[in-house]
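To start, the structure itself, in structure tokens.
We're numbering straight along the sequence, starting at 1. First listed ligand is number 1; within each ligand, the first listed atom is number 1.
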Amino acid sequence: MIHLCLAKMSETGAEQKFVQEAFDTNWVVPLGPNVNGFESDLKTFLGGNGEMVALSSGTAAVHLALLACGVGAGDEVLVQSFTFCASVNPIKYLGASPVFVGSEAGTWNLDPELLEIAIKDRIAKTGKVPKAVVPVALYGMPYDCARVVEIAGHYGIPVIDEAAEAFGSRFDGRALGTFGKFGVLSFNGNKMITTSGGGALFCGNAEDKGKIAWLATQARDAFPYYQHSEIGYNYRMSNICAGIGRGQMTVAQAHIDHHRHVQELYEKWLDGNGICVHRQPVDKRFDSNFWLTTATLDENLKITGQENVYKNLVRSSVGGVAGTLNATGTPTTDCQPNDNVEALRLFLEQKQIEVRPVWKPMHKQPVYAGTPIYTNGVEEQIFKRGICLPTGPWVGDDEVRYIVKCIREAIVL
Ligand SMILES: *Cc1c(COP(=O)(O)O)cnc(C)c1O
């Protein structure tokens, strides 16, 4: 099976060396030399000023960033609708309410115009300024960092730079993840680099880092006994996972270069005739890591078997793990990828190629029904036509050639 994106360990075994070191020195705990070393590697890699805190997941990073922005019950947070649920759910963990903002067609990310409209309208409607803005660099593509930061700054709203998928992406030469008061990274198994599971929070200064690290270790006050003045979390990264991360840092740039190479191949070999490979804007400030190559299918493109899709109940959840399924008893929803997209997915599955629909916009999720949304409908259109293609270190030129050949085969002329 050619998978969508699986991380790959270094050929030198660097990950195992760091993990072995942790065992040998008995640092099998959620702190230690690998955690410090990984944070320092990340800092160097991203460059610029700021601090890093390694955490147990990207979701934990979003949660703590919101908390440190002062988000609490009754507050509103503006967040890109076109994203994975992990960008949004932590707003709910805190008893606050998301307000969704739509995407622009070029980057597929937060539309700065809509952001400003949303800010003004929320202030008019609630008399309160939203507590944070969460733009997301989806599939590694930078959002318009300059405008988003400028608009949020104009209203004094902190930005949480959600770069879980954008490790190694840049905007105007500066690394994604460093644009906000906080920046989110993820090292889950399918991300640009992995720690098996893990994340990190970029903090603008040492004081914020101290606060985040404190919240991530159960908020222990300075006493010789356990004393707590705030609710904390057990969110620190394990020294074992951080060892994997340090090893991965030795191949990070090579992996990023490879993702960009694969993107180029898809642009060259697949683009056209009803299939549009999503590219970055011609504006040179945008520099994506191309974590996943994505494409959209023209509505009129005919794919083998498209008359028969969505007839049967699905017995697994996308990206899911056995036993975590929530069967709903229906094969369709009121907002789903077009029939030709689903037919292509099924066709390629037969060819041992995994492709997936793009993220379903959060304002179309039943769990967020009734949540305010400011949109031009761009993300819903992309969701209906979009598809994610295999990329990553396991996908070489031959695999891309095979994938493109199979896609051509699926098209009914
Ligand atoms: C993966 C991902 C996250 C969450 O990261 P985890 O480490 O899996 O918790 C957050 N946001 C986006 C956009 C992601 O793709």
Side-chain angles (χ1 to χ4, degrees), residues 3-7 30 38 42 52-67 77 79-93 98 100-101 103 107-110 132-143 148 159-169 176-177 179-180 182-202 212 216 233-238 241-242 244-245 248 259 288-294 317-321 324 356-362 365 368 379 382-383 386 388 391-392:
H3 288 284
L4 204 60
C5 181
L6 283 181
F38 186 41
L42 289 171
M52 274 291 165
V53 187
L55 299 167
S56 55
S57 70
T59 312
V62 175
H63 190 182
L64 292 185
L66 290 164
L67 189 61
V77 174
V79 56
Q80 185 168 319
S81 177
F82 193 26
T83 187
F84 181 47
C85 64
S87 311
V88 184
N89 288 345
I91 299 167
K92 287 288 204 180
Y93 301 168
F100 294 122
V101 182
S103 290
T107 63
W108 292 10
N109 292 321
L110 197 77
V133 174
V134 188
V136 186
L138 218 59
Y139 304 116
M141 186 72 72
Y143 54 92
V148 168
V159 171
I160 298 172
D161 181 6
E162 221 277 43
E165 300 176 359
F167 182 70
S169 299
L176 263 285
F179 277 89
F182 295 105
V184 172
L185 297 177
S186 167
F187 311 114
N188 207 328
N190 56 356
K191 295 291 159 72
M192 193 50 97
I193 61 166
T194 188
T195 59
S196 71
L201 193 63
F202 167 88
I212 294 294
Y233 299 84
N234 182 8
Y235 276 175
R236 202 76 162 107
M237 181 179 279
S238 140
C241 295
I244 303 174
Q248 286 272 285
H259 279 254
S288 176
N289 65 6
F290 289 107
W291 171 56
L292 292 184
T293 293
T294 52
S317 56
V318 61
V321 176
T324 64
R356 286 186 195 171
V358 298
W359 301 121
K360 179 165 177 171
M362 284 300 127
Q365 300 288 358
Y368 288 113
E379 59 287 339
I382 298 169
F383 171 63
C388 300
T391 42

For ligand 1, which atoms have a heavy atom of [X] less than 4.0 angstrom away?
| X | answer |
| --- | --- |
| Ser87 | 11 (N), 13 (C) |
| Ser57 | 7 (O), 9 (O) |
| Gly198 | 7 (O) |
| Thr59 | 4 (C), 5 (O), 6 (P), 9 (O) |
| Thr83 | 13 (C) |
| Ala86 | 3 (C), 4 (C), 10 (C) |
| Asn188 | 8 (O) |
| Ser186 | 1 (C), 5 (O), 6 (P), 7 (O), 8 (O) |

inquiry  = Below 4.0 Å from ligand 1: does a non-hydrogen atom of Gly199 turn up there or not?
reply    = no
key: ligand 1-proximal atoms of Leu138, by part, heavy-atom distance under 4.0 Å   = neither
note = Under 4.0 Å between heavy atoms, the region of Ala164 that gets near ligand 1 turns out to be side chain
Is there a donor-acceptor pair under 3.5 Å between the side chain of [X] and the backbone N or O of [Y]?
| X | Y | answer |
| --- | --- | --- |
| Ser238 | Pro30 | no |
| Thr107 | Tyr143 | no |
| Glu162 | Val184 | no |
| Trp291 | Asn190 | yes |
| Asn109 | Leu138 | yes |

remark   = From the list Met192, Met141, His259, side-chain contact (heavy atoms from CB on, under 4.5 Å) with Asn289 holds only for Met192
For [atom], what's the nearest protein heavy-atom neighbour? Residue, atom name and distance, please.
| atom | value |
| --- | --- |
| atom 2 (C) of ligand 1 | Lys191 NZ, 2.6 Å |
| atom 15 (O) of ligand 1 | Glu165 OE2, 2.5 Å |
| atom 11 (N) of ligand 1 | Glu162 OE2, 2.6 Å |

Exercise: do Glu379 and Ser81 side chains pair donor with acceptor under 3.5 Å = no
message = Does the plane of the ring in Trp359 sit parallel, tilted or perpendicular to the ring in Tyr139? Use 30° and 60° as the thresholds.
response = parallel
task = Just jot down the ring-ring contact (aromatic ring centres under 6.0 Å, His included) partners of Tyr235, sequence neighbours excluded, or say none.
result = His63, Tyr233
inquiry  = Would you compute the distance between atom CZ of Phe179 and atom CZ of Phe202 and round it to the nearest 0.5 angstrom?
reply    = 10.0 Å
ask   = Can you check whether Trp291 has an N/O within less than 3.5 Å of an N/O in ligand 1?
value = no
